[in-house]
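Only a predicted model underlies this, so the values are computations on that prediction, with no experimental measurement involved.
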Amino acid sequence: MPTTPTPRIAIIGAGPGGLTCARVLQRHGLPVTVHDRDPGPGARDQGGTLDLHEDNGQLALREAGLLDDFHRLSRPEGQEMRQLDPAGTVLFHHTPEEGERFKPEIDRGVLRDLLLASLEPGTVRWGHTLRAVEGPAAGPRRLRFADGTVTEADLVIGADGAWSTVRRALSDATPRYSGVSFLEAWFHDVENAHPDIAAFVGQGSAAAADGDRCLFAQRNGGGHIRVYIIQREAADWITREGLTIEQTDKIRARLLDRFTDWSPRFRRMLTDNDGRYVDRPIYALPVPHTWQHNPTVTLLGDAAHLMPPLGVGVNLAMLDACDLALALANHDKVDDAVRAYEQTMLPRAAEMQKRLDGGAEELLSTDLPDFATEAGSR
């Protein structure tokens with residue numbers, strides 16, 4: 001633990017990365033404040049289910065002292081995976097073995113609640129939308145929020161996702177559209193209301209692709225299934241066709257036309273959803289994304305290395321968060337800690353970005369990757 005005056009650490013973003021960083025910092029006796037734009041923890045849907053891997057996300061939870069709680073809350077049966085062709089023929093079926101814990105599933109909201117409950121009361125300041133990071137690079141930094149609040153910090157950690165405000169203090173890079181777009185469809189009380197889809201998906205996920213389109217269905221907790229309709233389209237394809245996202249019936253008609261040759265069981269995933277679709281065009285940061293070291297600002301997760309949703313985003317964010325928190329706990333100077341963290345994180349992220357460059361196209365491949373969609377975090 002540093003022997004110099006305790007730094008004022010501000011994390012922007014109360015997602016899994018930001019909260020993991022805060023938890024590990026507090027376990028090492030370092031005070032931290034987390035600022036989030038949401039008015040409260042239940043302000044919006046947190047997205048779908050996540051698979052946390054033994055070699056990154058679960059490592060972070062171990063350092064956070066939450067791994068046993070995670071295993072209690074997670075769904076190892078969610079590791080089941082079916083790969084099919086558009087006609088509905090099963091090409092591959094993985095059923096997890098008893099005790100298999102490589103990447104069990106947990107709903108994003110459940111994970112967030114676990115992390116929030118582990119923090120000291122008052123750690124998260126809700127309703128704080130960051131407008132700018134000001135002040136000299138040597139610090140202190142001034143954080144200016146939309147409600148007029150201004151606070152100072154010796155280190156600002158950007159865990160604020162794809163459209164990070166903190167990133168502007170370090171980099172001019174902005175996410176670019178990948179050429180692939182998701183429509184998300186929700187199914188509730190599936191065992192009773194959608195038993196055929198529930199049986200088709202099983203306890204984990206089921207996916208099929210034809211090179212231009214993909215359907216990826218994934219079991220969530222609480223009797224829910226989310227289906228991701230993945231297409232090579234313009235980011236604004238709905239408005240280009242003269243529609244709005246609220247026009248569910250007309251969008252369904254377009255989808256049925258595009259998936260006309262697919263199995264009726266798949267086509268029901270396009271039409272039987274509960275409520276409207278959610279539009280999620282997929283963006284990614286340039287490869288690699290780097291910046292000149294700054295002693296008072298750094299990034300983690302999607303703010304640092306936004307990639308296509310191929311099952312690594314949250315895992316890397318939590319590993320970043322853990323590495324950064326441990327570096328701060330084990331260096332006397334914040335500058336040294338940030339430098340050590342970035343020397344580990346940036347090459348790791350660049351390698352993963354390089355490996356997944358073009359990954360949005362991989363989502364449409366008939367040779368489907370074993371991925372867990374994280375589109376809900378975008």
### Task
Identify the residue among Arg219, Gln203, His93 that makes a side chain to side chain donor-acceptor pair (under 3.5 Å) with Glu80.
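Result: among Arg219, Gln203, His93, His93 is the only option passing the side chain to side chain donor-acceptor pair (under 3.5 Å) with Glu80.
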
### Query
Would you say the side-chain atoms of Glu105 and Thr49 include a donor-acceptor pair closer than 3.5 Å?
yes

### Query
If you measure only the distance, is there a donor-acceptor pair under 3.5 Å linking the side chains of Asp160 and His35?
no

With a 3.5 Å distance limit and no angle check, can you tell me whether [X] reaches the backbone of [Y] through a side-chain donor-acceptor pair?
X	Y	value
Ser178	Ile282	yes
Gln26	Glu120	yes
Arg27	Glu63	yes
Arg232	Asp212	no
Arg167	Ala303	yes
Gln79	Lys103	yes
Arg276	Gln247	no

Under 4.5 Å between side-chain heavy atoms, counting indirect links through other Ile/Leu/Val/Met/Phe/Trp/Tyr residues: same cluster for [X] and [Y] or not?
X	Y	result
Leu326	Leu316	no
Val278	Met269	no
Leu130	Trp126	yes
Trp186	Phe182	no
Leu59	Met318	no

### Message
For the residue pair Arg37 and Trp163, would you count it as a cation-pi contact if the rule is NZ or CZ under 6.0 angstrom from the ring centre and within 45 degrees of the ring axis?
### Response
no

With a sphere of 6.0 Å drawn around [atom1] of [X], does it hold more than 12 non-hydrogen atoms of other residues, nucleotides or ligands?
X	atom1	value
Gln292	CD	no
Arg265	CZ	yes
Asp147	CG	yes

### Task
Report the C-alpha distance between Asp336 and Arg339 in whole Å, list the side-chain angles of each, state the deciding distance to 0.1 Å, and finish with yes or no for salt bridge (charged side-chain N to carboxylate O under 4.0 Å, His left out).
CA-CA 5 Å; Asp336 292 342; Arg339 192 180 297 276; 5.3 Å; no

### Query
Are Arg267 and Thr260 close enough that some pair of their side-chain heavy atoms sits under 4.5 Å apart?
yes

Ion pair check, [X] and [Y], cut-off under 4.0 Å:
X	Y	value
Asp107	Arg75	yes
Arg348	Asp320	yes
Arg254	Asp257	no
Arg258	Glu233	yes

### Closest heavy-atom pair and its distance - Leu116, Pro41
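Residues Leu116 and Pro41, closest heavy atoms: CD1-CB, 3.9 Å.
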
### Query
Going through the checks in order, is the side-chain hydrogen bond (donor to acceptor under 3.5 Å, both in side chains) test met by Asn273 and His194?
CA-CA 9 Å; Asn273 51 305; His194 307 283; over 6 Å; no

### Task
Might you work through the side-chain contact (heavy atoms from CB on, under 4.5 Å) test for Asp302 and Ser164, ending with a clear yes or no?
CA-CA 8 Å; Asp302 283 351; Ser164 170; over 6 Å; no

